[in-house]
**Student:** 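I'd like to ask you about the structure that follows.
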Amino acid sequence: MPEAPTIDSGNTVWLLVSTALVLLMTPGLALFYGGLNRAKGVLNMMMMSFSAIGLISVLWWFYGFSVAFGSDVNGLWGDPGAYLGTKTFLAETDLWGATAENPSGIGVPLYVFMAFQMMFAVITVALISGAVSDRAKFAGWLLFAFGWATLVYFPVAHWVWGGGIIGADLHALDFAGGTAVHINAGAAALALALVLGKRLGWPREGMKPHNIPLVALGAGLLWFGWFGFNAGSELTVDSVAGLAFINTQLATAAAVLGWIVVEWIKDRRPTLVGASSGAVAGLVAITPACGFVAPWAAVLLGLVAGAVCALAISLKYRLGYDDSLDVVGVHFVGGWIGSLWLGLFATNSVNGAIGDVIGASDGLFYGGGLTQLGRQALAGLIVTVWSFAVAWVLAFGIEKTIGFRLRAEEEVGGIDIAEHAESGYDLSPAAGSAGGSAFAMAGLAGTKPAAAPAAAPAEPAAPAEPVDEKVAG
Amino acid sequence: MPEAPTIDSGNTVWLLVSTALVLLMTPGLALFYGGLNRAKGVLNMMMMSFSAIGLISVLWWFYGFSVAFGSDVNGLWGDPGAYLGTKTFLAETDLWGATAENPSGIGVPLYVFMAFQMMFAVITVALISGAVSDRAKFAGWLLFAFGWATLVYFPVAHWVWGGGIIGADLHALDFAGGTAVHINAGAAALALALVLGKRLGWPREGMKPHNIPLVALGAGLLWFGWFGFNAGSELTVDSVAGLAFINTQLATAAAVLGWIVVEWIKDRRPTLVGASSGAVAGLVAITPACGFVAPWAAVLLGLVAGAVCALAISLKYRLGYDDSLDVVGVHFVGGWIGSLWLGLFATNSVNGAIGDVIGASDGLFYGGGLTQLGRQALAGLIVTVWSFAVAWVLAFGIEKTIGFRLRAEEEVGGIDIAEHAESGYDLSPAAGSAGGSAFAMAGLAGTKPAAAPAAAPAEPAAPAEPVDEKVAG
Amino acid sequence: MPEAPTIDSGNTVWLLVSTALVLLMTPGLALFYGGLNRAKGVLNMMMMSFSAIGLISVLWWFYGFSVAFGSDVNGLWGDPGAYLGTKTFLAETDLWGATAENPSGIGVPLYVFMAFQMMFAVITVALISGAVSDRAKFAGWLLFAFGWATLVYFPVAHWVWGGGIIGADLHALDFAGGTAVHINAGAAALALALVLGKRLGWPREGMKPHNIPLVALGAGLLWFGWFGFNAGSELTVDSVAGLAFINTQLATAAAVLGWIVVEWIKDRRPTLVGASSGAVAGLVAITPACGFVAPWAAVLLGLVAGAVCALAISLKYRLGYDDSLDVVGVHFVGGWIGSLWLGLFATNSVNGAIGDVIGASDGLFYGGGLTQLGRQALAGLIVTVWSFAVAWVLAFGIEKTIGFRLRAEEEVGGIDIAEHAESGYDLSPAAGSAGGSAFAMAGLAGTKPAAAPAAAPAEPAAPAEPVDEKVAG
Amino acid sequence: MKLVTAVIKPYQLDAVKEALHALGVAGLTVSEVQGYGRQKGHTEVYRGAEYTVEFLPKIRVEVLTDELDVDKIVDAVVGAARTGKIGDGKVWVTAVEEVVRVRTGERGLDAL
Amino acid sequence: MKLVTAVIKPYQLDAVKEALHALGVAGLTVSEVQGYGRQKGHTEVYRGAEYTVEFLPKIRVEVLTDELDVDKIVDAVVGAARTGKIGDGKVWVTAVEEVVRVRTGERGLDAL
Amino acid sequence: MKLVTAVIKPYQLDAVKEALHALGVAGLTVSEVQGYGRQKGHTEVYRGAEYTVEFLPKIRVEVLTDELDVDKIVDAVVGAARTGKIGDGKVWVTAVEEVVRVRTGERGLDAL
Ligand SMILES: Nc1ncnc2c1ncn2[C@@H]1O[C@H](COP(=O)(O)OP(=O)(O)O)[C@@H](O)[C@H]1O
Ligand SMILES: Nc1ncnc2c1ncn2[C@@H]1O[C@H](COP(=O)(O)OP(=O)(O)O)[C@@H](O)[C@H]1O
Ligand SMILES: Nc1ncnc2c1ncn2[C@@H]1O[C@H](COP(=O)(O)OP(=O)(O)O)[C@@H](O)[C@H]1O
């Protein structure tokens, strides 16, 4: 390492690319969730993710990053003023991890690291939305997102990665977010689903995915972006980054197989929704483990996670909570499996940082005994309890004040219309064919009678009229 | 810097990746525009973008790059023969920016830089198409694209970045394309919309987006690719690239909030179309500024751009031009906001190149007075006038010669059928269910009676028959 | 080169990114194929790709990589035990290409190279599926994929790139997979189509694409990912990587033009399906040539490939085989064109490796005579024969044992329902509008009478009922 | 022979189907329609332009039946389709001169 | 009571709706149909295979009405739907024996 | 004047159209419907939850015709639509009091 602070262009490029990849995951999630949802709520579902990108990015820049990665105050949060958004960090020396002995840190500009971690905060919040499709007022969602990010994600990221209680004190392992992201979001999702209650008609009424190619597309984009999420979390370009990358691929591939095999046996048919869900389950489970286990253990983890999550999604019918798009069944369960897996298969032999840097011990099957398994379980428990409790209180408070649950008629009519005054599609069997969409063109979109002219052959009749005062808008 | 010309692998990787990211933006734009359009014109809308990739890439390689980046001839264009497509540039010394004193330049192979800039030319042309959906003959579009790229984009890129009048002489700032790309495309879009006239029935007839998930997907891909567009424009891996990256994210996130807040107040509902449009508006506005302002100024810019563009899109109803998908309201207006922003918030303190390399001065709020604001305004004006004028003449010429506007019956019947003999979707309420799409299978796709056989139970009837001579084709 | 083995972070980042890009190609292919297919089989079509990612990734890790890249045994395959999945390769010295004299090889961790090549194996298998849409039992497909990958792809990759007969002995050129990937998959696709036979009603019945925006989206993602496929195949960050990158862009752009011009002349209309297909044809053709020819030769290749493939897809009607989505017309034909192109335009002057490393000679037009053209033809022939023969035997064997072809009624009813118990879409003209999809909500999804309650106004009637034992699942 | 046609709210279809099932009606044909009447529509907004949607999704149910059962069927449909809110729809009866079952060629009541 | 059914060109629906509105018709039901007749279709081409699309999108409009108003309504519809070009469609009248308003159970004219 | 309505299996539409064509029928109107009857549906499974789909896609064909041709037309449709398997559908005939061709205003037989 040179004495003068210098940028490591390899590490920096890898982080820049990884950051872009992780950003893409949230639109990918929006498509995944949107396609799984009924058509009448697809836009609201996607809007919860897009609004999370908007809101959380700004919060993260303003104070979130400081709370998570500012110098540790008390093991619970970082100095909120450390990197306040009003300041600017572009000095030669503003490299992440820079210290007296190592003035270059990891050789990555602070803003690059801040942006990378920003995307994690964004998607963790967005993940929660899958539990409350079709029934959550949008204003309530925004308020919840603000509160939960502030009280839960930012601190928890500090506990796990910022020098807080879980990482530094408990020495629990979490390479890229099994506890901080997935268990965290899953626990909050459960609380939200419980407070908001079931969708009208659930489970009696069938609520099947409205656009499965969209689901598969979303899963594909998530898979792609997840390489930045996992392999990027090594923060440097080394063999561990390579290990995290291939483990991510192997566990995900194995989870696809694990899920569809269970479907084949249990439901007599493997499905594309299942393959897509299996991929996500595998990605979730390998997240905490990708840089800490050997490839064969990653394959095994994928098979187990795919199979177990394929069974876990039925729990909601058993226990009667409407976790609409299975955030609990996939992210909470998958996150737990991956975190515990480290207690079994983590080994210093694939990543020296386990012992040397984090002070964690090898997993059970590598002679580490039950120590690490206990730490992993405790870490998961702490996050589960805190996230669930705060989410429950926040949701309950919002419901009692501005109201969180949509009115029944609005829910029945469709949340897209009620909350966003939009509808997802205007297709028809005739769409694009001669005459185009008969309905769209025929005026089924409706008109203000006052505004309706007698249609001349040359000009199609008016299906809709921009209201003047609007237009003047 | 070493004496012997050497490739900087960090910079080169970053440019390679950025180039791929920017390429992806054009298909992303095609989806964004396609989804915003009515179903009967979705394919033509996307085809305008895809054909731009095909045509402009080849033109750029053949002479466009030379005109834009060849050694400056007269401040207006570069030596057209400099990098003619017939030549090959693979010598050790063919590194971009190589000079006697600095034989390695930025350490990036010439072809990598050429490819990176190629993608800018492609998407700038594609952006224009949003103004003329559903009514422009495809042949006319191709001719226009060829002419406008040659007479406007290639020279303007030279003016701004190639050592021409705007960058080198006027010392106006444009980090990644506020003037060269967005104001440029927006002005041309306006001219095109004026010459081609309104869609039949506009604005009386409602023309709502036909597939909003597609709009959001397109916005997501644009956002993702834009990191290459903006942060890649630094051309080297340094802290400014990191600044450009995080500013891109922050301004875009803020613009999403800005746009939906305006909708909430003005139309009583925030929409996903609005969130997606806000993202694009933020990306547009931060483009010229991303590497020249502090993060807090980027957040502010995003809020302003999102809010102003959300209002600007209503102008077309006021003034009565049919800028179908709001290229003017988003790209022209957003581009101007971002460019002027530099006159207010640009500061040498975040990027030394402002003063040292470009010879620009700080913005008003950094004590630079009105100098830079004036330069930015003048730069925008020059591009606006030239682009609008040439676009108008080109469009008018095409209309008067081969004809640009589609025939009324064809427009009413749908441009996809008329110009491309395709229709976007063949779904139906029964699609994929038992029996598949009733219509598709039942032969509503039609058959040449001559060809129609009596359908046997075992074999479904023939909805269509490849015409023999075609098939033989 | 340093004595101690060291990671080249530039090369490693480029390979990591390229690997992610190539992974994305398979979901992209799934969308491309899915959109081209009829609605009733879109899920099965996509499932064939997604299952290939799952299955082939694991096989590659376990023994495929060893067979392809293990030390050459007999020119036909590599030592299967070389990199067996049970082993771990994370030592300092586990860098790809490391030798005594060059302990760092290309400075890329072995797992990164393994992951990169893994993605090639995955997509090659997935490509084949386009030939047998709507009629192949899913179990049969999985078995075929397993067998073909093991007996054909793994060895052929060894022949071409692993030190086997084609590359090392025959000195045939294949930069990124013209023979190993496209000719290989195309030949297998033909065999599969012949053994499985025509879809019921083909060609009498029209089978038009059901979702063309999805086709264009898939093409866009393929184009994006292909930069990793081609430019990544240089394995190092140098000017040849830049050449491969820009050639990929130029040939693809030219192929888009080539294809739509042919359509314009032949069918009187250029189409978006054509532009998308042209892009894929160009990407296929440039794959083997991208790092070995000059840009102008790449443009020419693109024009030729686009035009020829646009004509080649009609062969199936002439010859009467149902290559449903034109794998032969695009990949087989395009692969051959690109491979032979090297015999005409390959030149050591753009890439010294041609002569020095691979021991190939310049193409005909560079004074190399017919030598290389002969080698290219022979290489293509070997792969064609082996792939076709093994695929035919495998398919025939599967048909005769567990059965490969779907039952007629099931095919007519739709393979998505029959094999996956899913249907792609649940939209309707009313989808998302007030009341949402009338049918979806009205219970056209059906209910078990036993389970059907009298619907109360407040609660919509039940369109479907999770079966209890399932739910208890 | 009669044809009973009902235009109802989408949600009520299932209840109507069950009610007819209970009466022993062997089959029925339904289709998506859109209705305009007293029931008011809703508003959509896209990029500041407001659209009023006046036509609402409804379901048409058609049942071929023997004259003797007409009243029972009409009452059953009206009962099952009623929510009491505006927009519940209409039920009407028309005369059918002949009915044939395609599969068997049976005519009249046997065709049902 | 009568049922007036019209199969018209999609664009004309709005004009027809307004014309009926002007006559004081309180409601109507429309649906998407496809028509085959003298009006010729168009051609589509996918990867070199040509398809002729013979069925064209039309809209079916149904209005239940008192016999007294039938002629006025038929004339209004025909007038509003006419473009004079082939494919304008048909309007036909059938007898309705009974009409019930689901919400109230009202019968006959009161049901409209 | 009569209206012949047929609810048939989607695949058979083309055969029916040709059969009517052969009889010199100038036009017809078709629409997508879903049918419930003796023919059983299928099952779908999403994330472990099973759905039974009872309604099957059918096509409704409507032909306005002169009484004299009714039998020919009914027989032609029944013949062309028959596959002999359950679910082939129904054909029924109703009386039409008046028909108008929108384009010309022609009435009665001239309107067809
Ligand atoms: N005169 C009519 N002819 C045909 N359909 C009608 C008529 N009036 C109403 N309808 C249908 O009945 C539906 C409900 O009618 P509406 O007036 O909204 O409520 P209600 O029947 O409760 O008074 C309408 O959406 C329309 O489909
Ligand atoms: N005999 C018929 N029975 C039912 N519908 C018909 C009949 N003839 C025509 N139609 C409908 O009327 C529409 C217009 O008929 P067409 O012959 O094309 O034009 P026109 O009515 O102007 O002569 C057709 O698309 C079809 O929907
Ligand atoms: N009573 C009925 N009223 C209206 N449509 C009916 C009736 N019975 C059957 N249908 C229609 O006919 C179709 C076929 O009937 P089904 O009983 O399944 O077979 P089949 O007619 O061969 O006995 C049904 O899907 C439905 O659309």
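Bear in mind the structure is a predicted one, so any value in this text is a computation, not a measurement. Protein chains get the first letters and strands the later ones, always in sequence-line order, with residue 1 at the start of each.
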**Student:** Decide yes or no for C:Trp61 and A:Ile246: does some side-chain heavy atom of the first lie under 4.5 Å from some side-chain heavy atom of the second?
**Tutor:** no

**Student:** Among A:Pro295, A:Gly242, A:Gly10, who wins on heavy-atom pairs under 4.5 Å with chain C?
**Tutor:** A:Pro295

**Student:** Would you give the length of the straight line joining atom OG1 of A:Thr271 to atom CD of C:Glu419, rounded to the nearest 0.5 angstrom?
**Tutor:** 12.5 Å

**Student:** Looking at CG of A:Leu427 and OH of C:Tyr425, how far apart are the two atoms once the value is rounded to the nearest 0.5 Å?
**Tutor:** 10.0 Å

**Student:** Would you give the length of the straight line joining atom CG of A:Asn247 to atom OH of C:Tyr111, rounded to the nearest 0.5 angstrom?
**Tutor:** 8.0 Å

**Student:** Distance from A:Leu243 atom CG to C:Phe89 atom CZ, nearest 0.5 Å?
**Tutor:** 13.0 Å

**Student:** With a 4.5 angstrom heavy-atom cut-off, could you sort out which part of A:Ala216 is near chain C: side chain, backbone, both or neither?
**Tutor:** both

**Student:** Is any side-chain heavy atom of C:Ile53 closer than 4.5 Å to one of A:Trp223?
**Tutor:** yes

**Student:** Please report the shortest heavy-atom distance between C:Gly85 and A:Trp296, naming the atom on each side.
**Tutor:** O-CB, 4.0 Å

**Student:** Rounded to the nearest 0.5 Å, what separation is found between the CD atom of A:Gln249 and the CE atom of C:Met114?
**Tutor:** 12.5 Å

**Student:** Would you mind checking which part of A:Trp226 comes under 4.5 Å of any heavy atom in chain C, side chain (CB onward), backbone (N, CA, C, O), both or neither?
**Tutor:** neither

**Student:** Can you confirm whether more than 12 heavy atoms, excluding those of A:Glu409, are under 6.0 Å from its CD atom?
**Tutor:** yes

**Student:** Determine whether C:Ser423 and A:Lys208 satisfy the following criterion, side chain to side chain contact (heavy atoms under 4.5 Å, CB included), listing intermediate values before the conclusion.
**Tutor:** CA-CA 10 Å; C:Ser423 52; A:Lys208 56 189 238 189; 3.7 Å; yes

**Student:** Name the member of C:Val112, C:Leu90, C:Asp94 that forms the most heavy-atom pairs with chain A at distances under 4.5 Å.
**Tutor:** C:Leu90

**Student:** Provide the closest heavy-atom pair for C:Val58 versus A:Ala253 in the form atom of the first, atom of the second, distance.
**Tutor:** CG2-CB, 4.2 Å

**Student:** Got a donor-acceptor contact below 3.5 angstrom from the A:His210 side chain to the C:Asp426 backbone?
**Tutor:** no

**Student:** Is the number of heavy atoms from other residues, nucleotides or ligands under 6.0 Å of C:Tyr63 OH greater than 12?
**Tutor:** yes

**Student:** Ignoring hydrogens and geometry, is there a side-chain-to-backbone donor-acceptor pair from C:Glu422 to A:Leu272 under 3.5 Å?
**Tutor:** yes

**Student:** Between C:Ala139 and chain A, with a heavy-atom cut-off of 4.5 Å, which part of the residue counts as in contact: side chain, backbone, both or neither?
**Tutor:** both

**Student:** Quick one: closest heavy-atom pair of A:Arg269 and C:Ile417, and the distance?
**Tutor:** NE-O, 4.5 Å

**Student:** Which bit of C:Thr88 is near chain A, if near means a heavy-atom gap under 4.5 Å: side chain, backbone, both or neither?
**Tutor:** side chain

**Student:** Using non-hydrogen atoms only, which part of A:Val273 is less than 4.5 Å away from chain C: side chain, backbone, both, or neither?
**Tutor:** both

**Student:** Using non-hydrogen atoms and a 4.5 Å limit, figure out which bit of C:Val42 sits close to chain A: side chain, backbone, both or neither.
**Tutor:** side chain

**Student:** Does a side-chain heavy-atom distance below 4.5 Å link C:Phe138 with A:Pro270?
**Tutor:** yes

**Student:** For A:Leu257 versus C:Leu55, what's the shortest heavy-atom pair and its separation?
**Tutor:** CD2-N, 3.9 Å

**Student:** Using a 4.5 angstrom heavy-atom cutoff, name the option from C:Pro27, C:Gly225, C:Ser9 with the most pairs to chain A.
**Tutor:** C:Ser9

**Student:** Tell me, side chain or backbone of A:Val256 under 4.5 Å from chain C's heavy atoms, or both, or neither?
**Tutor:** side chain

**Student:** Stepwise, does the side chain to side chain contact (heavy atoms under 4.5 Å, CB included) test hold for A:Val299 with C:Phe62?
**Tutor:** CA-CA 10 Å; A:Val299 172; C:Phe62 195 60; over 6 Å; no

**Student:** Tell me, do A:Leu221 and C:Leu24 make a side-chain contact under 4.5 Å, heavy atoms counted?
**Tutor:** yes

**Student:** Non-hydrogen atoms of chain A under 4.5 Å away: do they reach the side chain of C:Thr26, the backbone, both or neither?
**Tutor:** neither

**Student:** Which pair of non-hydrogen atoms, one from A:Phe227 and one from C:Ala20, has the smallest distance, and what is that distance?
**Tutor:** CD1-CB, 3.9 Å

**Student:** Checking heavy atoms, do the side chain of C:Ile7, its backbone, both or neither come under 4.5 Å from chain A?
**Tutor:** side chain

**Student:** Can you find a heavy atom in the side chain of C:Leu214 that is under 4.5 Å from one in the side chain of A:Pro213?
**Tutor:** yes

**Student:** With a 4.5 angstrom heavy-atom cut-off, could you sort out which part of C:Leu110 is near chain A: side chain, backbone, both or neither?
**Tutor:** neither

**Student:** Quick one: are C:Met46 and A:Ile212 in side-chain contact, heavy atoms under 4.5 Å?
**Tutor:** no

**Student:** Would you compute the distance between atom OG1 of C:Thr12 and atom CZ of A:Phe245 and round it to the nearest 0.5 angstrom?
**Tutor:** 12.0 Å

**Student:** Please classify the contact of A:Leu43 with chain C as side chain, backbone, both or neither, using a heavy-atom distance under 4.5 Å.
**Tutor:** neither

**Student:** Can you tell me which of C:Ala91, C:Ser51, C:Gly34, C:Gly54 forms the most heavy-atom pairs within a distance under 4.5 Å of chain A?
**Tutor:** C:Gly54

**Student:** When the ring planes of C:Phe224 and A:Phe224 are compared, do they come out parallel, tilted or perpendicular, using 30° and 60° as the limits?
**Tutor:** perpendicular

**Student:** Side chain from CB out, backbone as N, CA, C, O: work out which of these in C:Leu217 comes under 4.5 Å of a heavy atom of chain A, or both, or neither.
**Tutor:** side chain

**Student:** Against chain C, label A:Val350 side chain, backbone, both or neither, depending on which of its atoms sit under 4.5 Å from a heavy atom there.
**Tutor:** both

